[in-house]
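So you know, we letter chains A, B, ... as the sequences are listed, proteins then strands, and number each from 1.
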Amino acid sequence: MFEGSRQVAPGDHFRIVVSSGGTLNGTTNTERTNYFECVPAEQLGLALWLEADRMGGLLDAVSQESLDKQRDVVRNERRQRYDNVPYGTAIERLCELVYPVGHPYHHQPIGSMEDLEAASLEDVHQFFRDYYAPNNAVLTVAGDFEPSAALEMIEFFFGVIPPNHDLARIDSPPSLPPLTEELRSVFVENVPNPAVYLGYRLPAEGDPQLDHLQVAVTLLTSGRASVLNRKIVRNELAQQANGFIDRRVGGTSVGVFSVTGRPGVPIQKAEQALLDEFLRLADVGPTDGELERAKALIERGWLDRLSDVESRADDLSRCVTLRGDAALIDNQLDVILATTAEDVRAAVGRYLSAAQPAVVAFDPIPTKEVAA
Amino acid sequence: MTIALRPRPTELSTRPWRFPSTERGVLANGTRVVLCDLPDRPVVEVRVVWSGGARRDPIDKFGVGMIATRALSEGTRRLSNEEFNEAVESLGAQYGFSLDWNSITASLSAPKSRLQGALALLAEAVCDPAFRESDIERLTRQGIVGIESTRMFPGPRAQMEFAGATFLPGSRMAVPGNGTPESLARITADDIRRFWRGTTAPVNATIIVAGDLRGLAVEAMLNESIGAVDADVLDERRTPGEEVPSTQGQSLVVDFPGAVQSNILVGCAAASSDVEVRPVLGLANHCLGGFFTSRLNTVLREEKSLTYGVSSSISNDGPVLQFRVDTAVQRDSTDEAIRDIAREVAALRNEPPQAGLFAAAVGNATRMAPIGFRSTGAVVAALVKAEAEGLPDGYYDWAQERQMTATPEEVSKVFAQHVDEDALSVVVAGDAAAFVDGLRCWRGNVVVEPAAEG
């Protein structure tokens with residue numbers, strides 16, 4: 001998508017944006033592919049033209065040669081982010097346990113080396129024809145512009161691109177119930193210390209329990225006063241303890257918690273300490289202080305994202321692309337702020353404490369073996 | 001049916017942009033103040049910058065500065081760690097301390113309505129930190145484990161070794177800023193207290209405040225908080241020694257057998273550049289490796305697909321300038337990639353950059369300000385940099401104007417004056433067996449050390 005299009009020579013897409021003072025990039029996750037640029041306000045037309053030219057004319061520039069080059073780039077990305085760094089494959093392996101074989105979220109968007117090798121030029125062309133159509137796209141513009149003039153420009157550049165009348169319907173996979181048995185995989189690799197990653201099946205976006213769990217994860221993992229920092233890291237049960245939720249609209253989100261060990265301390269102690277915190281929250285719920293701090297942190301994060309034009313556009317885009325409602329950018333925070341201690345207690349009880357995790361554990365290669 | 005796509009629109013001129021204006025002052029205890037009013041930005045950013053960073057670590061206890069900055073988040077004599085952090089976070093505020101070679105910075109951001117309370121907590125952390133023995137001991141233990149763990153990550157390992165390759169022994173900057181396990185093990189709570197007491201001398205300090213300051217009695221708030229630091233505090237920290245860049249480039253490989261990629265650093269250190277040439281040096285970096293369509297990325301990623309990305313940087317750190325190229329490439333292309341990097345560095349030293357590349361660099365450098373400085377955080381970071389590097393008021397506007405008048409020939413000349421080919425060191429973390437013979441053919445002596453000790 002960045003290698004040129006019908007009227008944009010190879011290399012010029014980046015060059016045009018950058019030399020106008022702008023920035024650009026793209027991201028892909030399991031549910032949304034997002035191409036974005038931030039340009040000085042006067043260059044809105046230029047940015048729209050670039051996007052329209054590649055939406056309507058990308059395939060003119062996608063040849064076997066350009067595909068082969070980009071395939072190699074993605075292979076290098078895979079090596080850099082997954083294969084050549086300790087614990088780099090943790091999330092990939094965890095998702096393979098959380099989501100069953102055949103589930104669309106079983107694999108990572110980057111794919112395996114074998115997947116990359118197998119992709120043909122026709123696969124890429126067909127994927128583009130199937131999905132990169134105006135009636136499958138959400139265009140979001142945030143910044144300093146006059147709305148009617150902007151809409152006129154958008155109609156001018158994009159209106160000539162025909163819709164895909166055979167657009168495939170993308171159905172959400174059914175939601176998966178929490179695991180009832182632990183699924184554990186252990187990998188002995190060249191890592192500095194043991195580490196454990198736990199994955200839990202959580203509700204989809206739109207279910208308020210996911211927002212209650214977001215509050216729980218925040219109080220557990222965010223900020224220096226977080227529970228895990230106090231009880232695990234500062235107590236030296238582990239060198240690091242983290243957590244996050246990968247929120248998904250497609251049936252089942254995933255909550256990930258990790259602890260990275262320190263020499264001389266069995267990693268099981270940190271893992272148990274984490275599980276004990278789930279038990280505590282499920283039993284008595286958060287304290288008033290924990291609850292209010294978590295809400296303040298989430299609200300502050302929301303304010304920070306809205307204060308920047310790029311992240312505001314990204315959040316609006318996500319709300320519309322995945323849930324069809326721009327107002328969620330405000331409404332979702334209301335759900336968070338209305339969350340009660342009992343909400344947190346119930347959600348943790350159902351999805352973290354009573355549920356079983358998928359577990360990916362890393363153990364260092366024994367020292368004798370390394371020396372040999 | 002071919003779609004009749006619209007032609008490229010006429011490019012419009014970007015509106016003029018000037019760096020936000022600032023006001024300077026001095027608090028009663030001698031602390032310098034820089035205020036930057038940015039209307040309608042309800043989150044206020046505060047930075048307190050103290051001169052003297054890791055280069056002022058005691059000679060046998062490198063890492064004192066780093067431990068001190070971490071210990072400043074452990075509470076005060078009045079408030080435990082938990083109480084302090086809860087108090088800050090309950091105001092919707094964020095804070096932290098960071099250290100570089102030449103300064104320590106306290107960062108605070110808070111909603112305007114909570115600024116006074118947040119500043120009071122920051123002042124308490126600065127004036128009355130807990131520095132409990134048990135916390136210092138824990139932080140040094142964690143610091144040691146952190147260093148030992150980080151050594152197993154190829155990218156950070158290459159960064160750690162690069163310091164020793166680009167400075168002569170005896171230079172503080174030849175050792176990573178966080179110290180070594182041995183130096184950390186010697187640190188005591190008294191070392192931390194002594195270091196921090198010297199740091200907070202008001203003569204060392206500048207406070208920078210940016211955000212919507214309308215209606216705020218900022219000076220009064222600052223005088224009540226950071227302005228309360230004792231004006232007579234003596235700075236008894238070690239005077240920084242001389243940093244001696246290595247003039248003969250070295251080649252070092254950290255062997256990670258089986259690694260599918262090689263993390264590569266190529267670069268050198270030199271005496272810091274005059275302020276007058278920094279905008280032109282910035283253009284040189286843009287052309288070489290400062291953004292996606294720079295020369296290095298075009299060759300290594302776009303033409304040869306050896307890497308996911310390659311970048312370069314030129315920075316002034318107090319008395320020294322540091323130049324480095326940073327990339328990770330597929331294992332079997334390691335030697336080829338390093339040769340390409342060396343060739344492109346030589347090319348920029350010897351010839352002006354190609355016209356299209358230069359034009360893109362100037363375009364980006366002179367038009368990115370509305371985007372690059374759109375956040376309060378970015379504005380305040382620029383003000384911190386100006387303080388740390390002694391840049392004059394109005395530097396950023398002047399730098400843009402200077403870049404608009406620069407020529408490709410100047411860019412090449414200034415780059416060559418500050419980057420010596422003979423001084424270029426190469427550090428690689430990767431599977432040595434795959435490339436070290438090829439590297440030796442043209443680099444000569446290549447030192448190989450195993451990633452794991454023992």
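- In this structure, the separation between CD1 on I161(A) and CG on L5(B) is 6.0 Å, given to the nearest 0.5 Å.
- Using modelled atom types and a 3.5 Å distance limit, the side chains of S19(A) and N364(B) yield no donor-acceptor pair.
- Ranked by heavy-atom pairs under 4.5 Å with chain B, the list S20(A), G11(A), A52(A) is led by S20(A).
- When heavy atoms are compared at a cutoff of 4.5 Å, L306(B) approaches chain A solely by way of its backbone atoms N, CA, C and O.
- Using a 4.5 Å cut-off between heavy atoms, A93(B) touches chain A through its backbone atoms (N, CA, C, O) alone.
- Residues D135(B) and R234(A) have side chains in contact (heavy-atom distance under 4.5 Å, counting atoms from C-beta outward).
- Heavy-atom pairs under 4.5 Å with chain A peak, among V43(B), V88(B), T307(B), at T307(B).
- Annotation: maximal heavy-atom pairing with chain B below 4.5 Å, among V191(A), N76(A), D72(A), occurs at N76(A).
- Looking at K69(A) and E303(B), no side-chain N of the basic residue comes within less than 4.0 Å of a carboxylate O on the acidic one, giving no salt bridge.
- Shortest non-hydrogen contact noted between P7(B) and F157(A) is O-CE2, 3.9 Å.
- Using non-hydrogen atoms only and a strict 4.5 Å limit, the part of residues 298-305 of chain A facing chain B consists of R300(A), D304(A).
- The environment of CD in E83(B) is crowded: more than 12 heavy-atom neighbours from other residues, nucleotides or ligands sit within 6.0 Å.
- At a threshold of 4.5 Å between non-hydrogen side-chain atoms, the residues C38(A) and I371(B) count as touching.
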Worksheet item: Going through the distances and angles, do N193(A) and S149(B) end up as a side-chain hydrogen bond (donor to acceptor under 3.5 Å, both in side chains)?
Response: CA-CA 7 Å; N193(A) 291 299; S149(B) 302; 2.9 Å; yes
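- Between the side chain of N84(A) and the backbone N or O of A259(B), no donor-acceptor pair lies under 3.5 Å.
- Side-chain contact between M368(B) and V18(A) is absent, with no heavy atoms from C-beta onward closer than 4.5 Å.
- The shortest distance between side-chain heavy atoms of E310(A) and R374(B) falls below 4.5 Å.
- The two residues R6(B) and Q7(A) make their nearest non-hydrogen contact at O-NE2, 2.8 Å.
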Worksheet item: Can E82(B) and R230(A) be said to form a salt bridge (Lys or Arg N to Asp or Glu O under 4.0 Å), step by step?
Response: CA-CA 8 Å; E82(B) 192 174 330; R230(A) 286 188 286 114; 3.5 Å; yes
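- A heavy-atom distance below 4.5 Å is not found between the side chains of R75(A) and Q330(B).
- For the pair A225(A) and N85(B), the tightest heavy-atom approach, listed with the atom from each and the gap, is CB-CB, 3.7 Å.
- Atoms OG1 and CZ, on T293(B) and R15(A) in that order, are 6.0 Å from each other to the nearest 0.5 Å.
- Only the backbone of S13(B) comes within less than 4.5 Å of a heavy atom of chain A; no side-chain atom from C-beta onward does.
- Note that OH of Y95(B) is 4.5 Å distant from CZ of R224(A), once rounded to the nearest 0.5 Å.
- Counting heavy atoms from C-beta on, the side chains of D83(A) and Q261(B) never come closer than 4.5 Å.
- Of the possible polar contacts, none joining the E148(B) side chain to the P192(A) backbone as a donor-acceptor pair under 3.5 Å is found.
- Taking chain B as the reference chain and counting heavy-atom pairs below 4.5 Å, the highest number among P40(A), G45(A), S226(A) is found for P40(A).
- Around the CG atom of N135(A), the shell of radius 6.0 Å holds more than 12 heavy atoms that belong to other residues, nucleotides or ligands.
- A tilted orientation is assigned to the rings of F153(B) and Y87(A), their planes being inclined by 30° to 60°.
- Rounding to the nearest 0.5 angstrom, the gap separating the CG atom in L12(B) from the CG atom in L44(A) is 10.0 Å.
- Counting heavy-atom pairs under 4.5 Å between each of G57(A), P86(A), A41(A), S222(A) and chain B puts P86(A) at the top.
- Distance CD/E89(B) to CZ/R293(A): 4.5 Å, rounded to 0.5 Å.
- Interface remark: P154(B) contributes side-chain atoms only to the contact with chain A (heavy atom separation under 4.5 Å).
- In this structure, the portion of I16(A) lying under 4.5 Å from any heavy atom of chain B is its side chain and not its backbone.
- Counting heavy atoms from C-beta on, the side chains of R15(B) and D144(A) come closer than 4.5 Å.
- Using a 4.5 Å cut-off between heavy atoms, Q80(A) touches chain B through backbone and side chain atoms alike.
- To the nearest 0.5 Å, atom CZ of residue R41(B) and atom OG of residue S307(A) are 8.5 Å apart.
- When each of R138(B), R141(B), Q142(B) is scored by its heavy-atom pairs under 4.5 Å with chain A, the top score falls to R138(B).
- There is no contact between E292(A) and chain B, counting heavy-atom distances below 4.5 Å.
- Considering only heavy atoms from C-beta on, E290(A) stays 4.5 Å or farther from E86(B) through its side chain.
- Using a 4.5 Å cut-off between heavy atoms, D53(A) contacts chain B through both its backbone and its side chain.
- Both the backbone and the side chain of A328(B) come within contact range of chain A, with heavy atoms under 4.5 Å apart.
- Sparse packing is recorded around CD of E65(A), with 12 or fewer heavy atoms of other residues, nucleotides or ligands lying under 6.0 Å away.
- Only the side chain of E3(A) comes within less than 4.5 Å of a heavy atom in chain B; its backbone stays farther off.
- Residue V17(A) does not touch chain B at all, counting heavy-atom pairs closer than 4.5 Å.
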